[in-house]
Amino acid sequence: MKVLMVGSGGREHALIKKLKDSPKVTEIFCAPGNGGIAKDATIVNIGAMDIENMVAFAKDNKIDLVFVAPDDPLAAGMVDAMENAGVRAFGPNSKAAVIEASKVFSKNLMKKYNIPTAKYEVFDNPKSAIEYVVSENTVPVVVKADGLALGKGVIIAQTIDEAKDAIKSIMEDKQFGDSGNNIVIEEFLTGPEVSVLAFTDGKTVKPMVSSKDHKRAYDNDEGLNTGGMGTISPNPYYTDEIAKECYETIFVPTIKAMEKEGRPFKGCLYFGLMLTPNGPKVIEYNARFGDPEAQVVLPRLKTDLVDICEAIIDERLADIDIQWYEGATACVVMASGGYPLAYKKGIEILGLNENGGVDGAIVYHAGTKLEGDKFLTNGGRVLGVTAKGDTLNEALDKAYTAVGKITFENAHYRKDIGKIR
Ligand code: AMP
Ligand code: GLY
């Protein structure tokens with residue numbers, strides 16, 4: 001089989017390395033990919049949002065499976081376009097991807113189908129939004145842009161003034177463009193966060209092993225929110241009992257709700273959960289694998305990923321048994337100094353071998369470029385240094401040992417990934 005991966009980050013690298021394990025896969029292409037991915041796949045110079053050229057490439061090259069990994073092309077209808085052209089593609093169509101692309105949609109869905117989530121109100125103008133936060137007078141309060149905002153559209157306001165500023169910058173200054181035409185204002189919840197990715201063909205849902213992301217830039221959860229600075233799997237807070245409750249009260253009801261709405265979801269559905277004192281609640285849905293959640297979940301997958309993708313496309317997920325390796329995984333993200341704000345690119349990375357890895361670890365490349373035989377930094381998140389172990393501590397020790405071998409100017413990583421406080 002010839003496979004085309006759409007995307008260019010650490011998640012896509014992890015998906016490609018997993019696809020390489022499949023005896024069915026003969027050739028992997030990645031568009032647009034990155035320096036590290038170039039060692040594992042043939043790079044295709046087409047942007048992830050260039051639907052027309054992506055479809056043409058898939059047809060011309062007789063691609064058997066297209067894997068659309070990022071949120072934007074899913075929301076923009078890349079899977080629909082592939083299907084219309086007769087190309088088999090993994091991922092939700094645009095009608096289903098709206099579960100991530102519109103928070104107003106997902107909040108209303110949860111309300112309609114009694115899926116536990118934070119209480120909220122939706123606003124289409126700043127005046128009534130401000131009146132609402134002033135009259136409620138409760139802080140912290142959470143202000144969310146409706147649409148996609150590169151993971152930055154959520155503001156946790158500690159004061160009413162901060163909430164007003166957030167409303168104005170989203171709705172008046174259009175900080176996130178049209179994504180801020182509508183906003184959700186919701187109740188602030190507390191409790192440990194859990195990421196659960198799940199395979200679903202629209203009828204059956206099969207949760208993967210759990211994980212925990214570390215979203216803030218600095219140790220002790222300080223600094224700005226990022227795309228994710230590191231992950232562990234399994235998530236220590238996610239007991240079998242909680243997993244059962246989530247399956248019954250959240251996962252199955254969500255799949256059924258999407259089916260009832262005429263938007264059956266096929267692909268990987270990401271449940272961002274918070275284990276509150278009043279039970280597990282949904283913080284957000286993503287219509288795709290998380291990044292860097294994929295980097296810790298996929299190395300634990302025993303079953304052939306191609307078989308799972310095909311079963312989902314053909315709507316027979318119920319018939320396959322998905323198996324996982326015991327033990328634990330940890331991923332430490334090495335980022336460019338300054339990320340998630342401005343940072344330099346083009347800095348040489350030292351300590352990687354010619355394949356972009358180091359002994360004892362799996363190094364997923366997120367933002368790198370190959371120049372001759374040198375790897376250079378080319379993004380905010382540069383590498384996801386990942387290791388497996390029998391225990392979480394063993395995985396963490398191995399990942400941090402590998403991190404210690406890799407250097408580049410101004411490299412920044414968190415030293416407390418996997419520490420439970
Ligand atoms: P999101 O971009 O939706 O994943 O939100 C980013 C982060 O904001 C989440 O991972 C949570 O830590 C936090 N967050 C979002 N909504 C809430 C909420 N209602 N209460 C508390 N924290 C929240
Ligand atoms: N790591 C969070 C996300 O992929 O959205």
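Both counts, for ligands and for their atoms, begin at 1 and track the order of listing.
Among the atoms of F289, none of the N or O lies under 3.5 angstrom from an N or O of ligand 2. For ligand 2, the polar-atom distance check finds an N/O of D213 within less than 3.5 Å of one of the ligand's N/O atoms. Every N/O-N/O distance between K215 and ligand 2 stays at or above 3.5 Å. On a distance-only criterion, N225 and ligand 1 share no N/O pair closer than 3.5 Å.
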Under the criterion side chain to side chain contact (heavy atoms under 4.5 Å, CB included), I'd like the reasoning laid out for L305 against L15: C-alpha separation, chi angles, the key distance, then a yes or no.
CA-CA 9 Å; L305 179 58; L15 285 162; 4.0 Å; yes
One pair to check against side-chain hydrogen bond (donor to acceptor under 3.5 Å, both in side chains): Q295 and T386. What are the steps and the verdict?
CA-CA 7 Å; Q295 288 88 318; T386 305; over 6 Å; no
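The contact set between ligand 1 and K215, taken as ligand atoms under 4.0 Å from a residue heavy atom, comprises 4 (O), 10 (O). For ligand 1 and F188, the ligand atoms under 4.0 Å from any heavy atom of the residue are 20 (N), 21 (C). Distances below 4.0 Å separate heavy atoms of R288 from the following atoms of ligand 2: 3 (C), 4 (O), 5 (O). Every atom of ligand 2 is numbered from 1 in the order shown, and the set under 4.0 Å from a heavy atom of Y270 is 2 (C). Shown in contact with E186 at under 4.0 Å from a heavy atom are these atoms of ligand 1, numbered in order with element: 16 (N), 17 (C), 18 (C), 19 (N). Each of the atoms 1 (N), 2 (C), 4 (O) of ligand 2 lies under 4.0 Å from some heavy atom of E293. The atoms of ligand 2 that sit less than 4.0 Å from any heavy atom of G227 are 1 (N), 2 (C).
Using a 4.0 Å cutoff on heavy atoms, K144 counts as a contact of ligand 1. In this structure, G290 counts as a contact residue of ligand 2, since one of its heavy atoms falls inside 4.0 Å of the ligand. The shortest heavy-atom distance from R11 to ligand 2 is not under 4.0 Å.
A salt bridge links R414 to D221: one of the charged nitrogens lies within less than 4.0 Å of a carboxylate oxygen. Ion pairing of K144 with E284 is absent here, as no side-chain N (NZ or NE/NH1/NH2) approaches a carboxylate O to less than 4.0 Å. Taking a cutoff of 4.0 Å between a charged side-chain nitrogen and a carboxylate oxygen, K95 and E261 do not qualify as a salt bridge.
If you check which protein heavy atom lies closest to atom 4 (O) of ligand 1, you get E284 OE2, 2.7 Å. For atom 8 (O) of ligand 1, the nearest protein heavy atom (residue, atom name, distance) is V154 CG1, 3.7 Å. Counting protein heavy atoms only, atom 13 (C) of ligand 1 is closest to I156 CD1, 3.7 Å. Ranking the protein heavy atoms by distance from atom 17 (C) of ligand 1 puts I283 CD1, 3.7 Å first.
Counting heavy atoms closer than 4.0 Å to ligand 1, residue T190 contributes nothing at all. Of all the heavy atoms of L189, the ones lying under 4.0 Å from any atom of ligand 1 are found in both the backbone and the side chain. Contacts with ligand 1 closer than 4.0 Å are made by side-chain heavy atoms of E193 only, the backbone lying farther away. In N286, the part holding a heavy atom less than 4.0 Å from any atom of ligand 2 is the side chain. Only side-chain heavy atoms of K103 come within less than 4.0 Å of ligand 1; its backbone N, CA, C and O stay farther off.
Using cut-offs of 30° and 60° on the angle between ring planes, the pair H365 and F375 is tilted. Using the six-membered ring where Trp is involved, F251 and F271 have ring planes that are tilted, between 30° and 60° apart.
Heavy-atom contacts from other residues, nucleotides or ligands closer than 6.0 Å to CG of L150 number 12 or fewer. Dense packing is recorded around NZ of K174, with more than 12 heavy atoms of other residues, nucleotides or ligands lying under 6.0 Å away. For CD of Q323, the number of neighbouring non-hydrogen atoms (other residues, nucleotides, ligands) closer than 6.0 Å is greater than 12.
In this model, a donor atom of one side chain and an acceptor atom of the other lie less than 3.5 Å apart for S169 and Q175. With hydrogens and angles left out, the side-chain atoms of N34 and H13 include no donor and acceptor closer than 3.5 Å. Defined by atom type and a distance below 3.5 Å, a donor-acceptor pair is missing between the side-chain atoms of D213 and T231. Using a 3.5 Å distance cut-off with no hydrogens or angles, the side chains of Y120 and N108 do pair a donor with an acceptor.
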